[in-house]
Amino acid sequence: MIKEKEYVLGLGNCVSEMKDIRDRSIDLILTDPPYNLGLFMKKRETNLGALRENHFSASNWDLSTFDEWENLMNSFFRESARVLKKKGAMIMFMSIIKVETIIRIAQQYGFYYKTTGIWHKLNPMPRNMNLHFINSTEAWIYFINQGRTGTFNNNGKAIHDFIETSTISAKERKEGKHPTQKPEEILSHFIHILTNDNDLILDPFMGSGSTGVAALKAKRRFYGIEIDEKYFNIAVKRLGEVR
């Protein structure tokens, strides 16, 4: 475990590592867990050989069965309900075909479902563009823990649940190297709206640390957990370089 003044980074299974977090200490959980699409893509005979080497469906970490994934999500929400403050928020990126399952699980642990939003990628990879529609969207789900509303810094302006940004820049891709890496721009968007200065943000599926980088730049504190040592070490480096 890495402990600094503004952040803590834990290496290991997210549920096990979350047990070290104090009750009601987290202001926002902002995370991007496995979508459980690896076996689904393989069964559809997707041409994995044509995909980039580190595409999620060619990775081994997203090959759990549905039951295994559902059990992980149950354990994750159980711990999240404990560590998240009352009226604290959660934003979870998720495949749209799994949204109903995630909402059902979350509600069992006292989470109030607010909305499902869409992230539209302005520059998606035009893969198989002559065969079907380009995949340019991902879903995100917004929950409140044990309440109906929480921090929402909209400054009197309407904020839509349809967000458009580019995918990660060449610089971010070089620094992060993660197959499902989210751009700092969209992470920063949620952080500024749903938290205040010095709040504590948790990402239990941290990957290469993009949420942590965005949190520190926004003058928030960060707690990150990652099971893959390769990406954990990248996150350690990236957060250590934030000024």
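You'll find the side chain of F162 reaches within 4.5 Å of the side chain of E164, heavy atoms only. Between M73 and I105, some side-chain heavy-atom pair lies under the 4.5 Å cut-off. Counting heavy atoms from C-beta on, the side chains of W119 and P183 come closer than 4.5 Å. Counting only heavy atoms from C-beta outward, the side chains of Y113 and Q107 approach each other to under 4.5 Å. Residues I159 and H189 meet the side-chain proximity criterion, which asks for heavy atoms closer than 4.5 Å. Between S25 and K85, the closest side-chain pair of non-hydrogen atoms is not below 4.5 Å. In this structure the side chain of V236 never reaches within 4.5 angstrom of the side chain of Y231, judged on heavy atoms. For the pair T165/K121, no side-chain contact is recorded, criterion being any heavy-atom separation below 4.5 Å from C-beta on.
Nearest approach of T211 to L187, heavy atoms of both residues: N-CD1, 3.6 Å. Considering every non-hydrogen atom in both H160 and I163, the closest pair reads O-CG1, 4.5 Å. Across every non-hydrogen atom of G209 and L239, the tightest pair is O-CD1, 3.6 Å. For the pair A235 and G207, the tightest heavy-atom approach, listed with the atom from each and the gap, is CB-O, 4.1 Å. Here the shortest heavy-atom pairing between D161 and T116 reads OD2-O, 3.9 Å. Taking all atoms of both residues into account, the shortest heavy-atom contact from A89 to L194 is CB-CD1, 4.3 Å.
Between the side chain of R220 and the main chain of N198, no donor-acceptor pair closer than 3.5 Å is present. Listed for the E4 side chain is no donor-acceptor partner under 3.5 Å among the backbone atoms of E6.
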Show which side-chain atoms of residues 9-23 pair as donor or acceptor with protein atoms under 3.5 Å away, not counting sequence neighbours.
residue : atom : partner : partner atom : Å
N13     : OD1  : V15     : N            : 2.9
N13     : OD1  : S16     : N            : 3.1
D23     : OD1  : R82     : NH1          : 2.6

Please list every donor-acceptor pair under 3.5 Å in which a side-chain atom of residues 139-149 meets a protein atom from a residue at least two apart or in another chain.
residue : atom : partner : partner atom : Å
N145    : ND2  : A81     : O            : 3.4
N145    : ND2  : L84     : O            : 3.0

Just list the side-chain donor-acceptor pairs under 3.5 Å for residues 92-101, sequence neighbours left out, or say none.
residue : atom : partner : partner atom : Å
S95     : OG   : I97     : N            : 3.4
K98     : NZ   : Y35     : O            : 3.1
K98     : NZ   : N36     : O            : 3.0
K98     : NZ   : N36     : OD1          : 3.0

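F232 meets the ring-ring contact (aromatic ring centres under 6.0 Å, His included) test with no other residue; sequence neighbours excluded. For H192, there are no ring-ring contact (aromatic ring centres under 6.0 Å, His included) partners at least two apart in sequence or on another chain. Taking the ring-ring contact (aromatic ring centres under 6.0 Å, His included) definition, one finds that F133 meets it with nothing, sequence neighbours left out. Listed by chain and number, the residues in a salt bridge (Lys or Arg N to Asp or Glu O under 4.0 Å) with D203 amount to none (sequence neighbours excluded). Under the salt bridge (Lys or Arg N to Asp or Glu O under 4.0 Å) criterion, D199 pairs with no residue, sequence neighbours left out. Scanning for salt bridge (Lys or Arg N to Asp or Glu O under 4.0 Å) contacts around K237 gives E241, with sequence neighbours left out. Checked against salt bridge (Lys or Arg N to Asp or Glu O under 4.0 Å), K114 has no partners two or more places apart in sequence or in another chain.
Residue pairs meeting the salt bridge (charged side-chain N to carboxylate O under 4.0 Å, His left out) criterion with at least one partner in residues 179-196, sequence neighbours excluded, are D32-K182, E138-K182, E184-K217, E184-R238. For the salt bridge (charged side-chain N to carboxylate O under 4.0 Å, His left out) condition, the pairs that include at least one residue of residues 102-112, sequence neighbours left out, are E70-R104.
Partner L200 forms a side chain to side chain contact (heavy atoms under 4.5 Å, CB included) with one of T195, L28, I26 and no other, that one being I26.
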Exercise for the section: With side chain to side chain contact (heavy atoms under 4.5 Å, CB included) as the test, would you mind laying out the steps for M206 and I225 before giving the verdict? Expected result: CA-CA 5 Å; M206 173 179 65; I225 301 169; 5.6 Å; no
Handout entry: Residues I201, Y223; criterion side chain to side chain contact (heavy atoms under 4.5 Å, CB included); working and verdict
Key = CA-CA 6 Å; I201 297 167; Y223 199 122; over 6 Å; no
Handout entry: Full working for side chain to side chain contact (heavy atoms under 4.5 Å, CB included) between Q108 and N74
Key = CA-CA 9 Å; Q108 293 175 358; N74 267 287; 3.5 Å; yes
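Aromatic pair F111/F77: ring centres closer than 6.0 Å.
Between the CD1 atom of I91 and the CD1 atom of I186 there is a distance of 9.5 Å, given to the nearest 0.5 Å. Atom-to-atom distance recorded for I234:CD1 and E229:CD is 11.5 Å, nearest 0.5 angstrom. In this structure, CZ on F205 lies 13.0 Å from CG on L30, to the nearest 0.5 angstrom.
Hydrophobic clustering (ILVMFWY, side-chain heavy atoms < 4.5 Å, transitive): I227 and V83 are in distinct clusters.
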